[in-house]
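Notes follow once the structure below has been shown.
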Amino acid sequence: MTDEHTWIWREMIQAIDWPAQSSGRILDIGCNQGGFLRLLYDTHPFAEAVGVDLAKHAVALAESRKEDRPIAYLASERLADAGRGFDVAVSHEVIYLIDDLAQHAAQVAEVLKPGGSYFAVTCCHSDSPLWANWRPRIQAFSNLPVPNHSIGDIAESFRDGGFDVSVSRFLANAFIPLRGKSDYMPTDIDMIETYARWKMLFRFTLEV
C-alpha cells in the first residue's frame, strides 16, 4: 500500500497548507501502516503527529517503522483518544467508508483547534459515474456495508457540524501511474478518468 500511494501522498503534501514546523500538530485519520506521516515529516517537518486506525496490526507496523520521528500511532475507534488541539487533520480514501458522517464531523470538531482544518481526499462517491461499478467491487472486500455518499452528503454533514466547507478537484493535471489490471482495481483508463474528474479534495475548516 505504501508504494501504491506514495505518489498520491506527495500530491496531497503539495496541495495542503501545513502549519509552521515549530508548532504544527497533525492527525492522520485512517493511517494504516503510517507511510503518509513519515513522508510528510521527511518533506515538511512538524512538531508532533498522531496516526489513528482501526487495524491493530497495521498500527503496530507503523510504530515499528517511525524511527525517531515525532509520531505516535494509535489503534482506536475514537479520534479523541489521539488528543485534542490539532492544527490539521487529513485522510485519504477513508471518508467514503464512514456510514455516519455527522458523527465523524463531530469527532473531528472535538480534536481540531478552532480554525483548524480537516483535508479529506476521495474519489469514491455517488457523483462519479464509475462509482456504480466500483462500489460492488469494494463491497466484496469489505467486512462492513459500503455507504453511498454524494459530494453534497459529505459537504452538508460537515457544514451542519460547524465547519466552513470547500472542495476542489484533486490530481486533475498530475501524471498517473499505469498499474495494469486486477480483480479489485478498475482498469487504468477508468482510474485516469476518475482521478482527473472525480477525485476530490475537501477542506473542512472549524469555525472559530
Next item on the list: Among Leu79, Leu206, Thr205, Val88, find the residue that satisfies the side chain to side chain contact (heavy atoms under 4.5 Å, CB included) test when tested with Leu112.
Entry: Leu206
Next item on the list: Walk me through it: do Trp131 and Cys124 pass the test side-chain contact (heavy atoms from CB on, under 4.5 Å)?
Entry: CA-CA 6 Å; Trp131 181 234; Cys124 298; 3.3 Å; yes
Check: Which pairs count as salt bridge (charged side-chain N to carboxylate O under 4.0 Å, His left out) when at least one residue sits in residues 149-163, sequence neighbours excluded?
Finding: none
Check: Can you list every salt bridge (charged side-chain N to carboxylate O under 4.0 Å, His left out) pair that touches residues 97-110, not counting sequence neighbours?
Finding: Arg84-Glu110
Checklist line | salt bridge (Lys or Arg N to Asp or Glu O under 4.0 Å) against Glu63, all qualifying residues, sequence neighbours excluded | finding: Lys66
Note to self: Give me the atom names and distance for the closest heavy-atom approach of Gly35 to Trp9.
What the structure shows: C-CZ3, 3.4 Å
Notebook entry, point to check: Does Ala58 have any side chain to side chain contact (heavy atoms under 4.5 Å, CB included) partners at least two apart in sequence or in another chain, and if so, which?
Noted result: Asn32, Gln33, Ala55
Item checked: Heavy-atom pair of closest approach, residues Asn148 and Ser126 -> OD1-CB, 3.7 Å
Next item on the list: Sort and list the pairs that fulfil salt bridge (charged side-chain N to carboxylate O under 4.0 Å, His left out) and have at least one residue in residues 117-128, not counting sequence neighbours.
Entry: none
Just list the side-chain donor-acceptor pairs under 3.5 Å for residues 39-46, sequence neighbours left out, or say none.
from  : atom 1 : to    : atom 2 : distance (Å)
Asp42 : OD1    : Arg69 : NE     : 3.1
Asp42 : OD2    : Arg69 : NH2    : 3.0
Thr43 : OG1    : Leu39 : O      : 2.9
Thr43 : OG1    : Leu40 : O      : 3.3
His44 : NE2    : Pro19 : O      : 3.4

Check: Are a donor atom and an acceptor atom from the side chains of Ser117 and Arg203 found within less than 3.5 Å of each other?
Finding: no
Next item on the list: For Glu77 and Leu54, work out which heavy atoms get closest and say how close.
Entry: CG-CD2, 3.3 Å
Margin query: Counting C-beta onward and ignoring hydrogens, is there a side-chain heavy-atom pair between Ile154 and Phe202 closer than 4.5 Å?
Written below: yes
Margin query: Any heavy-atom pair between the side chains of Val111 and Leu27 that's under 4.5 Å?
Written below: yes
Next item on the list: Under the side chain to side chain contact (heavy atoms under 4.5 Å, CB included) rule, collect the residues that match up with Ser91, sequence neighbours excluded.
Entry: Ile29, Val94, Tyr118, Ala120
Margin query: Looking at every non-hydrogen atom in both residues, tell me the closest pair between Trp198 and His125 and how far apart they are.
Written below: O-NE2, 2.7 Å
Next item on the list: Using the test side chain to side chain contact (heavy atoms under 4.5 Å, CB included), find all partners of Val121 that sit at least two apart in sequence or belong to another chain.
Entry: Met12, His92, Phe170, Lys199, Leu201
Margin query: Once side chain to side chain donor-acceptor pair (under 3.5 Å) is applied, do any residues pair with Ser64, and if so which ones, sequence neighbours excluded?
Written below: none
Next item on the list: Can you tell me which residue pairs pass the salt bridge (charged side-chain N to carboxylate O under 4.0 Å, His left out) test with a partner in residues 20-31, sequence neighbours excluded?
Entry: Arg25-Glu48
Note to self: Give me the atom names and distance for the closest heavy-atom approach of Ala75 to Lys56.
What the structure shows: CB-CG, 3.8 Å
Notebook entry, point to check: Mind checking whether Phe204 and Phe158 have parallel, tilted or perpendicular rings, split at 30° and 60°?
Noted result: parallel
Next item on the list: Taking all non-hydrogen atoms of both residues into account, name the closest pair between Ser128 and Cys123 and its distance.
Entry: CB-O, 4.3 Å
Checklist line | Side chains of Tyr96 and Ile138 in contact at under 4.5 Å (non-hydrogen atoms) | finding: yes
Item checked: pair Val50-Ile71: side-chain heavy atoms closer than 4.5 Å -> no
Notebook entry, point to check: For the hydrophobic clusters of this structure (ILVMFWY residues joined by side-chain heavy atoms under 4.5 Å, transitively), does one cluster hold both Leu37 and Leu74?
Noted result: no
Check: How many angstroms lie between atom CD1 of Ile98 and atom OG of Ser157, to the nearest 0.5 angstrom?
Finding: 10.5 Å
Margin query: Assigning hydrophobic clusters by single linkage (Ile, Leu, Val, Met, Phe, Trp, Tyr; side-chain heavy-atom cutoff under 4.5 Å), is Trp7 placed with Val90?
Written below: yes
Notebook entry, point to check: Out of curiosity, does Phe119 fall in the hydrophobic cluster containing Leu101 (side-chain heavy atoms, cut-off under 4.5 Å, transitive links)?
Noted result: no
Check: Taking only residues two or more places apart in sequence, or in another chain, which ones meet Asp87 in a salt bridge (Lys or Arg N to Asp or Glu O under 4.0 Å)?
Finding: Lys113
Next item on the list: From the options Val52, Leu61, Val59, Asp53, select the one residue that forms a side chain to side chain contact (heavy atoms under 4.5 Å, CB included) with Tyr73.
Entry: Val59
Check: In terms of hydrophobic clustering (I, L, V, M, F, W, Y; side-chain heavy atoms under 4.5 Å; direct or indirect links), are Trp18 and Phe86 co-clustered?
Finding: no
Check: In chain order, what residues pass the side chain to side chain contact (heavy atoms under 4.5 Å, CB included) check against Ala132, with sequence neighbours excluded?
Finding: none
Note to self: Taking Ile26 as the starting point, is it possible to reach Val108 by hopping between hydrophobic residues whose side chains are less than 4.5 Å apart?
What the structure shows: no
Note to self: Nearest 0.5 angstrom please: Leu97 CG to His104 NE2, how far?
What the structure shows: 10.5 Å
